[in-house]
Amino acid sequence: MKKLKINRRKFFKRFLYSLVTLQFVYILFRLFKPQKEAADIEKFYDAGDVSFFQKGKMYPFGSEQFYLHRLTDGGFLALSSRCTHLGCTVQFNANNKRLECPCHASAFNTNGEVLSPPATRALDYYPVVFKNNRVLVDVNHPVRRNKHDNSQVKYV
Ligand code: FES
């Protein structure tokens with residue numbers, strides 16, 4: 001029986017070629033694999049063209065149960081209209097710029113932060129992305145939070 005001889009140099013050379021080949025295959029796989037984010041965007045709610053939303057205004061989307069707040073600095077924040085106390089639907093009061101709950105009188109500012117109890121945490125928000133100058137809201141994934149943070153605001 002013939003014994004297979006391979007010296008150390010050949011072994012490392014083959015090993016390096018194998019690594020490079022695997023890396024190349026991995027890169028090709030990543031390039032042609034459908035991106036999860038791209039697939040998910042198809043399920044986002046198309047709120048409208050960016051230019052439609054005026055700075056400093058709150059826009060209700062009753063059918064999707066959220067408010068889209070265009071901040072004065074141009075950022076977008078999509079707030080759930082579900083009260084964080086027991087889930088009633090909050091209403092925007094344009095006179096005092098508050099979101100008010102009709103059930104037990106909790107109130108929230110335009111960033112969703114609690115102004116009046118019994119609610120103890122900020123309104124949930126929905127991730128926002130922009131595509132072809134459209135505002136897309138991920139209405140299937142509300143984000144629970146205790147307080148507002150500027151990282152929750154999205155800019156074009
Ligand atoms: S459900 Fe909104 S305050 Fe109770």
Side-chain angles (χ1 to χ4, degrees), residues 16 18-156:
L16 281 176
S18 299
L19 276 181
V20 169
T21 304
L22 279 175
Q23 200 168 18
F24 181 71
V25 169
Y26 175 74
I27 289 168
L28 283 179
F29 175 75
R30 292 290 306 243
L31 275 177
F32 294 107
K33 181 182 163 204
Q35 296 295 308
K36 187 178 185 310
E37 185 184 336
D40 288 344
I41 282 178
E42 302 304 318
K43 296 177 189 165
F44 286 17
Y45 180 79
D46 186 342
D49 198 272
V50 168
S51 61
F52 172 79
F53 301 100
Q54 295 176 18
K55 292 178 181 174
K57 296 252 181 177
M58 184 76 85
Y59 295 87
F61 287 85
S63 62
E64 301 301 321
Q65 298 199 323
F66 75 90
Y67 284 90
L68 187 60
H69 179 204
R70 180 103 197 245
L71 282 71
T72 53
D73 67 359
F76 285 86
L77 180 64
L79 295 168
S80 167
S81 60
R82 270 180 63 98
C83 179
T84 54
H85 178 227
L86 292 176
C88 290
T89 301
V90 298
Q91 302 293 324
F92 182 61
N93 182 334
N95 294 328
N96 55 19
K97 295 189 183 279
R98 293 161 33 128
L99 293 145
E100 298 170 341
C101 183
C103 293
H104 313 103
S106 283
F108 305 85
N109 69 16
T110 52
N111 287 334
E113 295 171 306
V114 176
L115 296 173
S116 305
T120 57
R121 64 177 187 84
L123 294 172
D124 294 346
Y125 75 97
Y126 295 106
V128 169
V129 297
F130 306 99
K131 187 176 180 185
N132 300 329
N133 241 24
R134 307 289 294 181
V135 182
L136 306 177
V137 181
D138 186 2
V139 292
N140 295 311
H141 298 100
V143 180
R144 186 184 168 97
R145 61 186 181 159
N146 289 321
K147 59 181 185 165
H148 176 70
D149 181 303
N150 278 340
S151 67
Q152 298 154 2
V153 178
K154 293 298 168 209
Y155 295 87
V156 180

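Both ligands and their constituent atoms are indexed starting at 1 by order of listing.
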Margin query: Between Thr84 and Arg121 (side chain of the first, backbone of the second, donor and acceptor by atom type, cut-off under 3.5 Å), is there such a pair?
Written below: yes
Note to self: Donor-acceptor pair, distance only, cut-off 3.5 Å: does the side chain of His85 make one with the backbone of Pro118?
What the structure shows: no
Check: What class does the angle between the rings of Phe61 and Phe53 fall in, given that below 30° is parallel, 30 to 60° is tilted and above 60° is perpendicular?
Finding: tilted
Notebook entry, point to check: Taking only protein atoms, how many N, O or S atoms are found under 2.8 Å from atom 4 (Fe) of ligand 1?
Noted result: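 That number is 2, waters not included.
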Check: Quick one: are Pro142 and Arg82 in side-chain contact, heavy atoms under 4.5 Å?
Finding: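 No, their side chains stay 4.5 Å or more apart.
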Note to self: So that I know where these two stand, are Tyr126 and Tyr45 an aromatic pair - ring centroids less than 6.0 Å apart?
What the structure shows: no
Next item on the list: Hey, could you give me the OG1/NE2 distance between Thr110 and His69, rounded to the nearest 0.5 Å?
Entry: 4.0 Å
